[in-house]
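Both ligands and their constituent atoms are indexed starting at 1 by order of listing.
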Amino acid sequence: MKLELQDSSLLKTQAFINGEWVDGDEGNSFAVSNPANGEQVAVVASVGQAETRRAIDAAQVAMQSWKALPAAQRSAVLEQWHALILQNQQDLATLMTLEQGKPLFESVGEVAYGASYLKWFAEEGKRVYGDVIPTPQTNRRGIVIKQPVGVVAAITPWNFPNAMIARKVAPALAVGCAIVLKPAAETPLSALALAELAKRAGVPDGLFSVLPSADARAVGGEMTSNPLVKKVTFTGSTPVGKLLMKQCAETVKRTSMELGGNAPVIIFDDADLDAAIEGALVSKYRNSGQTCICANRLLVQEGIYDAFVEKFATAVNQFQLGEGFDKNTTHGPVITGKALTDIHAKVENAVAEGATVVTGGKPSDLGGNFYEPTILTGVNSDMRVFREEIFGPVAPVFKFSTEEEAISMANDTEFGLAAYVYTQNLGRVWRVSEGIEYGMVGVNETAISSEVIPFGGVKESGQGREGSKYGLDDYLETKYICMGGL
Ligand code: SIN
């Protein structure tokens, strides 16, 4: 696939620091390749610690005048950025499919999803309210105001190269923070294109810098140790999140962590079977299984287990694996050869321990990073597919007998991001929703994400919320002012 953009100036290969496009100090660079065929898409500047520090210094300066603006003025800039993203939706989607591999229709959808956070927080940023607290003393009042937390550092993943950035940058800028971003090395082009549109929209220099790098330790190390950075927000794996939290402890930074998941889809005998199958398909195979909230374990009650597996397999066998620009493609490759090897190792582990492959079960004949959409039965809780995040198009289907057993299986993990329940029984809806330890629960629905909901997890899936009115709090400090002598 040749790179064909309506606006070729959206293809940026330098870092964006303090409003300028620059190479790395050392002249380093790294290649970005298309996961569908391994072809090189671009060579991008790789920055290190010194450039990160400069971006943070610039952010600290830029935010002083930005935070002093009326919220409505900040909002107008975000609205303009939102409009430009939608005007360039097709080009942004093209860049995304090239570097990430997802089908073009998913990329188009993600660009709109990302833009929705800008719109939402442009509006919500005008509603940062405080409180007046009646005090025990008659001559005093307690006042609570909310202030921007300060310079924010963000580290974002490759699975949603646009939306995971937008939902951190939008609330940060809306409330008056500045933000420096390290996008995933696999997908920097989407981030850099967003920076170009931010500049065109009038986001002041220094307020939003983008630091592509092949040296995550150098950039992350500076972000987590620099005292000017007051908050680190990260979406990615739990081990990396833990490391960042440890590093942030040294300067007591606030953190938001959106980490790994192990989502169960619990399907009871009384569920609407077709709706459950549709929901499980969407949740399991979205982005070829590479989302943190993807169904990781399908838990199906014994009475409908066989019928579920049969219908589910029929639907999966209709998927069309292929290159993201092919109109017939329903599912793309996984991100790297390493990811493919990891996914296959989990399948092999399950099969070695007695699982049955209903469909798929191996790398696709298409070669490259394509893995066959897979269904496994005969699986149990000792297998890696029960314990670990699969992050690929593999659906292990577990059997359970009772509601208690389903809740216990769902909770038998250190993760707690998203879970889904299919049942027509209202009492059960409440018992299960309250009994499972997850930050988000979809009842008879798996497409739960949007800008208006608080996205986030519990347990080792992280802390903090993104989107919704709650998403602003992550970028605000609460200050108490005691007003005396009244
Ligand atoms: C994620 O994988 O973390 C994001 C998924 C979503 O926003 O729906």
Engineer: Distances only, to 0.1 Å: what are the N or O pairs between ligand 1 and the protein that fall under 3.5 Å?
Structural biologist:
from	atom 1	to	atom 2	distance (Å)
ligand 1	2 (O)	Asn159	ND2	3.3
ligand 1	2 (O)	Cys292	N	2.7
ligand 1	3 (O)	Glu258	OE2	2.7
ligand 1	7 (O)	Tyr113	OH	2.7
ligand 1	7 (O)	Arg167	NH1	3.0
ligand 1	8 (O)	Arg286	NH1	2.9
ligand 1	8 (O)	Arg286	NH2	3.0
ligand 1	8 (O)	Ser449	OG	2.5

Engineer: Aromatic contact between Phe391 and Trp158, with the criterion being ring centroids under 6.0 Å apart: yes or no?
Structural biologist: yes

Engineer: Go through Gln247 and Thr224 one step at a time and tell me if the side chain to side chain donor-acceptor pair (under 3.5 Å) criterion holds.
Structural biologist: CA-CA 6 Å; Gln247 292 175 349; Thr224 52; 3.0 Å; yes

Engineer: Taking the six-membered ring of Phe160 as reference, does the cationic atom of Lys102 (NZ for Lys, CZ for Arg) lie under 6.0 Å from its centre and within 45° of its axis?
Structural biologist: yes

Engineer: Would you please indicate yes or no on a ring centroid separation below 6.0 angstrom for Phe400 and Phe268?
Structural biologist: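 Centroid separation for Phe268 and Phe400: below 6.0 Å.
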
Engineer: Against Leu189, only a single residue in Val44, Leu98, Leu92 fulfils side-chain contact (heavy atoms from CB on, under 4.5 Å); can you say which?
Structural biologist: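 It is Val44; the other options fail the test.
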
Engineer: Salt bridge or not for Lys146 and Glu477, using N-O below 4.0 Å?
Structural biologist: no

